[in-house]
Each structure stands twice: as structure tokens, then as C-alpha cells.
Number of protein chains: 2
Amino acid sequence: MAFQSELEVFRKFLKNQGMRYTPEREAIIKEIFSIHDHFDVDGLYISMRRKGLRVSKASIYRLIPLLIEANLIAEVFFDKGQTYYEHIYGHEHHCHLRCKECNKIEEFSDPRLKDLEKELSERFGYKILTHKLQVIGICSKCQAKEDSA
Amino acid sequence: MAFQSELEVFRKFLKNQGMRYTPEREAIIKEIFSIHDHFDVDGLYISMRRKGLRVSKASIYRLIPLLIEANLIAEVFFDKGQTYYEHIYGHEHHCHLRCKECNKIEEFSDPRLKDLEKELSERFGYKILTHKLQVIGICSKCQAKEDSA
DNA sequence: AAAGAAATTGTAACTCAGTATCAATAAGCC
DNA sequence: GGCTTATTGATACTGAGTTACAATTTCTTT
């Protein structure tokens, strides 16, 4: 099957669920997939307003769980109280390495985690769905700052 | 050096920081370390009230960051919006396997994660501090329920 | 042991992300 | 085009966590 755009995938998802495709949803999705980085609701709302796209925050908050259910985006929690999202449709599963000081994020993936999943599945009798690994450290720039301080 | 109790460690920590040891702090810490499981602020507060220990929630909220800084406890996020804590003093670092349905938690640790940390450190130039791995799946009981449903 | 500086407490007000309510509107099926 | 029902935006609300502040307590100094 040919690659379908996020919009196509989502239209089908909505139809399946008896839900409706609206200009507001389209605008939000287009905005989300024009950002090639992690995003949050507030940032999304502000950047849409700047472009004159008027949708309410409530609509964004209402749309996000649908996009998650449709496997287009996923939640990422970098730190307490801040919720971010990232695209997952058409992306490899990956993990995050975060600098504790400046919050810079590096992405990586590692085949050993698949092996680990398999072993855990056998050991505990779980059906494994996914994993979230966050490695926390200090990036080289911030290390340099600390040393000179 | 002999094993120091959590209370001893914390008293030293407070002294180092020019902070004071109060009956409220003592009561909260004793309560925390009498729980041998993950805990949250609300649960802690309720169980202290039940025992007639009267401390304000504000004091609990104020104490927790200190216990984290003293490396006695750590935050664990099982799911959006719920903050839990666990003891880490005198415990091996471990990761969590969580059932998406019933939220049951299994703990495990794996030496490969240390190797991974080392590789990431070299590859990205980070000084690695820690990692948090959460594996999400469906436990055997919940799988059985789903099958029969 | 008393005094005094400074930290801590509890209460209550506040913040902020996210949710629920509801009347007005619009999508999608006939 | 008309009708059913989902969706929207505005607004009110919720709940976790924080902050301000006056009263109290710790801890150091004498």
C-alpha cells in the first residue's frame, strides 16, 4: 500500500468512528505536522494564533486523544508537569536522551530494547505494547559551563 | 561506613544546607519510609490523618523536593497527571513494567541499560546521570479478561 | 537558660493545565 | 434541501501543586 498522508489516515480514522472532518481539525493537524519537533498544546495554540488561524484551545485538547488513538502522535513526558507530543506516524520508535540543565533532547534507538521486551514478556507473562526510555544527563556544553563556574 | 538510617542521612543533609529538623518533617519521613511501595502525596496525607498525625499538605509538598535532592526518594510517572514517588536510598536502581489496564507494576533491572548509558555517553558527549525506563503492556490476568470479553 | 535571627509551619489565596457544560453551529447522510 | 447528531467556542469548573504571610519554632550565641 502506498504511503498515506497523516490527513488521509486521520480522515479514515474519523469515518470509521462515525466522527466528522471539520476545518478546525484540519487546521490543527496541518499545523501539528508542519512542526518537525516535539510540541505542546500551548505552543501550538500560540503559533496558530500568530498565523491568524482561530481555533479554541478546547478543540486542540479534544483533538489530541484522537490523534493518539489513530497512532499519529504520542505523548512524551520530559519533566514533571510538562506534556509534549511527537509525531510517530512514519517514524521509527525511538528513545530520548535529555540534558538536565538545558533540556536539549537527542533521539536514539537501540535493538537491545526489543530483546528486553521479549524477555520481560516471557518472564512476567505480559503482552508488551511499547516502552518509554528516557536517559538523563548533562550535555557537553552544560558540562563545560559547570566546570568553568 | 555503617548503614545510616534515612532519618540520619536527612538530618545531615539538612544541617549541610542550614535547614532545620522539625517534628513535622520527622513525622512525614517516618511515614514515607514505613510505606514499602510507591506512594503519592494525597495517599500519604490521608494515611497520616488517619493516624492522627496532623501535618499540612503544604509541608509534604515542601519536603518532597528535599528528599529527592538528598537522594532518598525519586519521582516515578506511571501515567499522565499522576505523580508517584519511591524509595531509592538503599535500593538498586530499577525499571517498571506496567499493565495498561490495571496499572499493576512489576519491577526489574537489566545490566544492558548500563552498557547503553555508556555508549550514549560516548556517542553524544553527555555525562549520564540516570535513566527511566517504563515498559507498558497487558498483564496475564487482563489478557484473559480481554479474551473472554 | 534566655534572646534573637532566621527557617518553618498552617491557612488560605492563587496558578495553571486540562475537563465539562451547554447553546449555537455545521458536517454528512438521506 | 432537510434532518440528525457531532463539533465548536465560551465559560465555568476541577485538582495538583505553589505562594504569601502572620504566627510559631528551631538553633546558635551568649
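Per chain, numbering begins at 1; letters A, B, ... match sequence-line order. Every heavy atom of this structure was used, including side-chain atoms; hydrogens, water molecules and symmetry mates were not.
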Round to the nearest Å and state the distance from [X] atom [atom1] to [N] atom [atom2].
X	N	atom1	atom2	value
Ile46(A)	dC16(C)	CD1	P	12 Å
Asp42(A)	dT15(C)	CG	C1'	13 Å
Arg25(B)	dG10(C)	CZ	C1'	14 Å
Ile64(A)	dT8(D)	CD1	P	13 Å
Arg54(B)	dT11(C)	CZ	C1'	13 Å
Lys57(A)	dT7(D)	NZ	C1'	20 Å
Leu53(B)	dG10(C)	CG	C1'	16 Å

Contact list for DNA chain D against residues 26-35 of chain A - heavy-atom distance below 4.0 Å:
none
Residues within residues 67-74 of chain B bordering DNA chain D, heavy-atom distance below 4.0 Å
none
Could you check if a side-chain atom of Ile105(B) sits within less than 4.5 angstrom of a side-chain atom of Val76(B), using non-hydrogen atoms only?
no
Would you say [X] reaches [N]'s phosphate, i.e. side-chain N/O to OP1/OP2 under 4.0 Å?
X	N	result
Tyr61(A)	dG18(C)	yes
Ser56(B)	dT11(C)	no
Thr83(A)	dA17(C)	no

OG of Ser121(A) to CG of Leu116(A), rounded to nearest 0.5 Å, is 11.0 Å
More than 12 heavy atoms of other residues, nucleotides or ligands under 6.0 Å from NZ of Lys104(B): is that the case?
yes
Considering non-hydrogen atoms only, spot the tightest contact between Leu72(A) and Glu6(A) and give its length.
CD1-O, 4.0 Å
Between Ile88(B) and Asn71(B) the two heavy atoms that sit nearest each other are CG1-O, 3.5 Å
Cut-off 3.5 Å, no hydrogens considered: what does the side-chain donor-acceptor table look like for residues 94-101 of chain B, sequence neighbours left out?
{"residue": "His94(B)", "atom": "ND1", "partner": "Glu92(B)", "partner atom": "O", "Å": "3.2"}
{"residue": "His94(B)", "atom": "NE2", "partner": "Glu86(B)", "partner atom": "OE1", "Å": "3.2"}
{"residue": "His94(B)", "atom": "NE2", "partner": "Glu86(B)", "partner atom": "OE2", "Å": "3.4"}
{"residue": "His94(B)", "atom": "NE2", "partner": "His96(B)", "partner atom": "NE2", "Å": "3.4"}
{"residue": "His94(B)", "atom": "NE2", "partner": "Glu107(B)", "partner atom": "OE2", "Å": "3.4"}
{"residue": "His96(B)", "atom": "NE2", "partner": "His38(B)", "partner atom": "NE2", "Å": "3.2"}
{"residue": "His96(B)", "atom": "NE2", "partner": "Glu86(B)", "partner atom": "OE1", "Å": "3.0"}
{"residue": "Arg98(B)", "atom": "NE", "partner": "Phe78(B)", "partner atom": "O", "Å": "2.9"}
{"residue": "Arg98(B)", "atom": "NE", "partner": "Gln134(B)", "partner atom": "OE1", "Å": "3.0"}
{"residue": "Arg98(B)", "atom": "NH1", "partner": "Asn103(B)", "partner atom": "OD1", "Å": "3.0"}
{"residue": "Arg98(B)", "atom": "NH2", "partner": "Phe78(B)", "partner atom": "O", "Å": "2.8"}
{"residue": "Arg98(B)", "atom": "NH2", "partner": "Gln134(B)", "partner atom": "OE1", "Å": "3.2"}

Rounded to 10°, the angle between the first-five-pair and last-five-pair axes of the helix from dA1(C)-dT30(D) to dC30(C)-dG1(D) is 40°
Consider only side-chain N and O atoms of Thr83(A) and Glu75(A), and report whether a donor and an acceptor are under 3.5 Å apart.
no
Looking at Glu24(B) and Arg62(B), does any basic side-chain N land under 4.0 Å from a carboxylate oxygen?
no
Is the ring centre of Phe3(A) less than 6.0 Å from the ring centre of Tyr89(A)?
yes
Return a single string for nucleotides 19-30 of chain D, one symbol per nucleotide in 5' to 3' order, where B is base contact, S is sugar-phosphate-only contact and - is none, cutoff 4.0 angstrom on heavy atoms.
-B-----BSS--
For Lys114(B), check side-chain contact (heavy atoms from CB on, under 4.5 Å) against everything at least two apart and list the hits.
Glu117(B)
